[in-house]
Amino acid sequence: MTYKTVPYEPERPPIDESRRIIEEDNRIADARRSVRMFSSDPIPRDIIETAIRIAGTAPSGAHRQPWHFVAIADAAMKARMREVAEAEEREFYEKRAPKEWLEALAPLGTDFRKTHITDAPWVIVVFRQDYEALPDGGKAKNYYMTESVGIAVGFLIQALHRAGLATLPHTPAPMTFLREICQRPINEKPYVLLPVGYPAQGCVVPAIGRKGLDEIATFVL
Ligand code: IYR
């Protein structure tokens, strides 16, 4: 079997330049926080489009690109999503959640109220394509869909952050209702709901830290 290739020889920066860039990137990345208090100040569509293009550059299993992004600015649709999400979250917090889970969430101060869905100017619902529906009615298998979409969402969150925009990865459970509201086909499963906007004036975030490098990494030389 043969496959076609194209040249790929990106410019190689001097090592000190790489160090400068990566340290600056670390400073920027470390300043990111998930936000639950959004300003409703508008954000132009082209910025959201470019962020989604960046997400679409993520690597994926067998390069199947098993993702779809629905970007919603429509107030009525956001209101509908919030209504269903809050009903489900109320069930979660009041009935379904095991004590241990609620204890893990306590430092984050979350509850069933999901104001971010209606406050943020955009909500991006990300879908995972479990298979591709072929024009002849057949199905083409995808691979490592969950991992691939996770990487794409990582790209998306980081790109938006670098543009000064806040996000909150929100996964109401169950979130099948998002497929109906977004009118997506049966081969797609909602993966995450991501409000996008500026933090509200007076926004606060939980006082929590990050694990240090020696906690998250092992080096073997
Ligand atoms: N889906 C609920 C609960 C929740 C779960 C996790 I894991 C979080 O990191 C935060 C919240 C909610 O959105 O409130």
Side-chain angles (χ1 to χ4, degrees), residues 29-40 51 55 58 67-75 77-128 130 144-161 165-182 184 188-200 202-212 215-216:
D30 196 35
R32 187 196 57 77
R33 293 296 309 267
S34 291
V35 151
R36 290 186 171 77
M37 301 158 79
F38 285 86
S39 149
S40 51
W67 41 63
H68 188 87
F69 302 85
V70 179
I72 302 146
D74 181 81
M77 194 156 156
K78 288 192 292 180
R80 230 173 323 140
M81 284 195 296
R82 176 174 169 190
E83 200 179 311
V84 185
E86 286 188 335
E88 282 182 357
E89 297 287 15
R90 199 190 269 277
E91 274 278 310
F92 172 82
Y93 282 95
E94 290 173 5
K95 302 200 183 114
R96 289 202 323 264
K99 192 163 151 279
E100 191 181 1
W101 197 342
L102 291 178
E103 281 167 10
L105 293 178
L108 304 178
T110 59
D111 62 25
F112 77 89
R113 278 178 289 250
K114 301 302 169 193
T115 52
H116 53 257
I117 303 177
T118 46
D119 288 351
W122 291 93
V123 170
I124 303 177
V125 183
V126 184
F127 289 85
R128 182 188 79 196
D130 283 346
Y144 295 101
M145 297 79 77
T146 306
E147 294 81 353
S148 304
V149 181
I151 297 168
V153 171
F155 280 26
L156 182 61
I157 291 171
Q158 192 63 17
L160 290 164
H161 168 62
L165 299 171
T167 56
L168 173 73
H170 178 201
T171 53
M175 47 180 174
T176 29
F177 72 92
L178 291 171
R179 190 176 64 218
E180 285 139 40
I181 291 182
C182 297
R184 296 306 303 165
E188 295 187 3
K189 291 237 161 53
Y191 184 86
V192 74
L193 179 164
L194 204 70
V196 181
Y198 297 105
C203 175
V204 293
V205 294
I208 49 174
R210 299 193 199 283
K211 290 183 179 176
E215 280 178 282
I216 65 167

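Just so you know, residue 1 is the first one in the sequence shown, and it goes up from there. For ligands, and for the atoms within them, numbers begin at 1 and follow the listed sequence. Keep in mind that the numbers below use all heavy atoms, side chains included, and drop hydrogens, waters and symmetry copies.
- Among Tyr93, Trp101, Phe92, the residue whose heavy atom lies nearest to atom 14 (O) of ligand 1 is Tyr93.
- Within a 6.0 Å radius of OH in Tyr144, other residues, nucleotides and ligands contribute 12 heavy atoms or fewer.
- The minimum heavy-atom distance between Ala55 and Leu156, with the atom names listed, is CB-CB, 3.8 Å.
- The local environment of CD in Glu100 is sparse, with at most 12 non-hydrogen atoms from other residues, nucleotides or ligands closer than 6.0 Å.
- Set against the non-hydrogen atoms of Lys114, the atoms of ligand 1 under 4.0 Å away are 12 (C), 13 (O), 14 (O).
- When all heavy atoms of Glu215 and Lys211 are compared, the closest pair comes out as OE1-CA, 3.5 Å.
- The closest protein non-hydrogen atom to atom 2 (C) of ligand 1 is Glu89 OE1, 3.0 Å.
- Residues Leu165 and Tyr198 have side chains in contact (heavy-atom distance under 4.5 Å, counting atoms from C-beta outward).
- Polar contact check, Thr110 against ligand 1: no nitrogen or oxygen pair lies under 3.5 Å apart.
- Paired with Glu94 under the rule side-chain contact (heavy atoms from CB on, under 4.5 Å), one option of Arg90, Glu91, Arg96 passes, and it is Arg90.
- Atoms of ligand 1 lying under 4.0 Å from at least one heavy atom of Thr171, given by number and element, are 1 (N).
- Of the polar atoms of Arg36, none of the N or O atoms is found under 3.5 Å from an N or O of ligand 1, judged by distance alone.
- Proximity of Leu105 to ligand 1, defined as any heavy-atom pair under 4.0 Å, is confined to the side chain (atoms from C-beta onward).
- With ligand atoms numbered from 1 in the order given, ligand 1 contributes 13 (O) to contacts under 4.0 Å with heavy atoms of His170.
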